[in-house]
Amino acid sequence: MTIDVEAIIRVFLYVTSIFFFAYLVGYSTFLFLSVTAGSSILYRRKRETHYKNMIATDCFVPITLIVPAHNESVTIVSSIRSLLSLHYSIYEIVVVDDGSTDNTVQAILDAFDLHEIDSPIRLKIRCSPAKKVWFGRQGRTPITLVTKDNGGKSDALNLGINVSKYPYFICIDADSVLQRDSLHEISMPLIEDEHVVAVGGLVRPANGIKLEEGRVAAYSLPHQIIPAMQVLEYDRSFLSARILFDQFNGNLIISGAFGLFRKDMVIACGGYDTTTVGEDMELVTKLHVFCRTNNIDYRIRYAPDAICWSQAPSTLHDLIRQRRRWHIGLYECMTKYRRMIGNGMFGAVGLVSYTYFLIYELLSPLIEMLGLVMVLVAWSAHYINVPFMITFFIIYAFFGAVISLTAFFSRIQTRDLRISTSDTIRAIILSVIEITVLRTIMMLTRLSALIGYRKREDRWGKIERKHIDVS
Amino acid sequence: MLSHEIRTNADFPTPEHKESLRKQLRRLPAMEAFDLTMDLLESESPDLASRYLVGIADVFESLAHTIPGKSDIHTSYWCYLVRKWYRGDRESTPVIIMLTSLAQSPSLYVRQNAISALAKVSSARNLAIAFAACSDGQVFYHPRLLTETSMTFAGNKAELAVWLGAFFDDLDDQSKSAVINYWRMTRTGEPSDMLAIATSPEYDSEVRLAAMRYFATNPDPDAEPFLQEMASTHDKDLWEVAVVASGALASYPTQENAALLKRNLSSRSWFVRNAAASSLLRLRTKMDLDFADVLEGPDRYASEMLRYHIELEELSAAGGGSA
């Protein structure tokens with residue numbers, strides 16, 4: 001019996017083409033809907049603010065800002081200074097030095113007059129013990145510096161939670177700076193809804209901005225191409241997915257760079273998981289599971305006007321390390337909570353959000369690689385219409401670029417930022433490069449992330465820090 | 001141009017101008033132009049602006065009838081303009097009636113702007129009625145908003161305290177706590193009423209705790225035995241009660257209370273120990289207290305907690321560690 005190889009290939013290509021058609025239609029539809037929804041919500045919010053539809057009263061909830069730091073001597077002082085200039089009535093800053101080997105601790109002690117104190121810490125979440133505690137005040141804002149042995153970001157955050165005084169805490173990266181109104185904006189969902197247990201803020205790359213007294217004094221696209229493309233990528237991601245998922249309490253990620261949590265809920269579900277590198281997603285997912293399992297009426301919200309400026313990797317090498325870590329964290333979280341997938345018990349989170357993350361985030365590198373392989377197979381078997389493929393690719397790149405630019409310019413416009421003509425042209429060009437070249441590199445990066453990941457010990461790696469322009 | 005019209009009629013708004021204003025101020029852009037023009041006029045000539053606003057108060061009253069059916073953005077902005085520019089009567093005008101009804105709006109921003117406007121332009125009675133209305137459980141109204149907005153009341157705060165008391169039982173539990181916080185912060189309210197609430201099992205536990213906190217800044221001798229009893233409880237489910245009572249005892253400087261708080265330094269609850277230590281340090285500013293028995297005593301947790309608060313106090317006294 002002869003095997004008709006050609007027929008097999010034809011059938012294979014036909015079946016997989018249907019799959020890829022559905023995949024692309026699904027993803028394109030999601031992108032379109034999410035960016036449309038995101039833009040319209042941002043514009044509505046801008047209009048509401050313009051016509052004083054906001055809480056003007058100085059209504060606050062006390063918040064602890066927890067800053068885990070490991071070898072952050074370059075940025076930690078400017079980061080703390082930005083936290084001290086926040087327009088908010090009552091908050092404290094807790095810096096947890098996670099066994100830094102540089103002079104992070106000394107930099108803080110030199111910049112802020114802190115005094116060593118013997119502080120009794122109540123261990124509500126298991127973590128490594130504190131070695132030393134320093135305390136001081138800058139105006140009305142208490143600053144606590146705690147040192148410990150190196151145990152990872154999650155362990156540092158858990159110690160920060162144990163040290164904190166207030167019922168809400170915000171985790172913020174040591175290389176990040178906040179705007180004057182960031183705390184006010186991120187706390188607003190708590191005032192609007194008593195069931196809110198966590199709120200995510202918007203993270204934007206700080207490369208290329210200048211902050212003065214907590215306000216953006218100058219904004220431009222970063223000069224370097226890698227962080228510039230990340231600006232577009234971040235805006236697309238935060239504008240689209242986060243705002244859309246927020247409409248049905250479906251956000252699975254609150255950025256580890258800037259997220260607010262209700263302390264008692266985090267303690268009740270055990271704090272940050274120290275065994276994963278994706279501790280931000282793991283905590284949010286855990287909160288969803290905890291609240292739904294215990295029939296707690298809850299909301300996890302996203303505050304698009306609560307902005308945190310964080311350093312984006314400026315070299316491709318650093319970016320690859322970061323994305324590899326993110327993908328490992330995604331994998332660890334999704335396998336840990338795999339029972340949520342398509343599970344009606346978890347509502348839209350399980351049916352929509354989790355499914356989206358599974359197909360379009362976790363498995364997308366595999367799917368996209370398979371797509372490339374298919375194209376090659378089809379081309380070698382002369383089944384491909386090359387002009388059609390090229391046209392399709394151009395349309396795909398154009399669509400992706402338009403989506404990115406819509407998100408980017410929506411953000412510029414609704415925040416009353418100004419960018420130069422040259423930056424506008426750069427954004428347009430880079431949007432095409434980002435959706436094609438960078439995306440392919442990231443696809444390969446994420447594909448390789450899980451290969452041998454268990455063998456790697458240094459999963460965080462080192463990322464070069466640059467000074468943030470804050471005054 | 002609206003701004004030109006306003007300036008022309010600032011000294012004496014004619015009926016024709018008021019009619020024109022009535023028509024124009026139904027639209028958001030004109031409302032915004034009005035706001036900006038009045039900002040300028042007020043900065044240039046406050047007396048003239050004030051006379052003008054008194055003269056056009058009836059325009060706001062007639063516009064109140066046009067609010068139902070408008071969008072939330074429009075309605076909320078109207079409330080904002082009323083708060084800023086209405087100079088009419090503080091009692092039952094159409095403006096006050098409309099604002100009171102908007103206190104039950106499903107939109108939080110409309111509610112808040114309406115109540116903020118009432119705090120500025122209405123009487124204490126009307127504001128209390130609005131609080132009772134928005135405490136209907138239909139839409140969440142954060143208790144801190146109630147407390148903070150009450151603090152912005154432009155009239156007699158003591159009178160507002162009385163009216164809030166009159167409607168107290170109509171409020172939900174969170175609003176009751178907020179009102180008690182208002183009484184605490186403004187040093188109004190009746191201590192006997194607070195004691196009755198704190199000791200009555202009919203009230204929610206958070207309301208009772210708020211009533212106990214009242215005595216932290218408004219000490220009353222009649223409340224002292226109750227606070228001592230609550231601070232001394234060993235029931236681990238009542239740790240919050242012990243914490244609040246321990247905190248309140250800082251306003252009752254007696255050796256008996258100091259001894260009670262020292263005993264609380266050995267509590268199994270970290271929070272009770274913390275509250276007791278904090279209160280002891282505050283008592284030390286009002287009376288002679290010796291801590292050697294605790295600092296050199298056998299209870300390490302007690303001495304650690306007290307030493308921590310002593311260090312905090314010393315840091316504060318030394319300037320708090322400013323950079």
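All values below were derived from every heavy atom in this structure, side-chain atoms included, with hydrogens, water molecules and symmetry-related copies excluded. Just so it is clear: chains get the letters A, B, ... in the order the sequence lines come, proteins before strands, and each one is counted from 1.
If you take CD on B/E148 and OG on A/S89, they are separated by 7.5 Å, rounding to the nearest 0.5 Å.
Options B/F271, B/Y308, B/Y301 differ in how many heavy-atom pairs under 4.5 Å they form with chain A, and the most are formed by B/Y308. Contact count versus chain B (heavy atoms, under 4.5 Å) is highest, among A/D118, A/N53, A/D193, A/T141, for A/N53.
For A/E192 and B/Y141, the side-chain atoms include no donor-acceptor pair closer than 3.5 Å. A donor-acceptor pair shorter than 3.5 Å can be found between the side chains of A/H50 and B/E32.
Contact detail for A/I117 and B/L312: the closest heavy-atom pair is CD1-CD2, 3.7 Å. When all heavy atoms are compared, the tightest approach of B/S76 to A/K52 is OG-O, 4.1 Å. Nearest heavy-atom pair across B/Y77 and A/Y51 is CD1-O, 3.3 Å. The two atoms that bring A/R122 and B/W270 nearest to each other are CD-CB, 3.1 Å, heavy atoms only. When every heavy atom of A/R47 is checked against every heavy atom of B/L28, the shortest pair comes out as NH2-CD1, 3.3 Å.
For the pair A/H115/B/E311, no side-chain contact is recorded, criterion being any heavy-atom separation below 4.5 Å from C-beta on. A/I55 is listed as a side-chain neighbour of B/L108, based on a closest heavy-atom distance under 4.5 Å.
If you measure heavy-atom distances from A/L84 to chain B, you find no contacts under 4.5 Å at all. For a residue to count as touching a neighbouring chain, one of its non-hydrogen atoms must lie under 4.5 Å from one of that chain's; by this rule B/L81 does not touch chain A.
The number of heavy-atom neighbours closer than 6.0 Å to NZ of A/K132, taken from other residues, nucleotides and ligands shown, is 12 or below.
With sequence neighbours excluded, the residues forming a side-chain contact (heavy atoms from CB on, under 4.5 Å) with A/N162 are A/I121, A/L123, A/K124, A/I125, A/C127, listed by chain and number. With sequence neighbours excluded, the residues that form a salt bridge (Lys or Arg N to Asp or Glu O under 4.0 Å) with A/D264 are A/R262.
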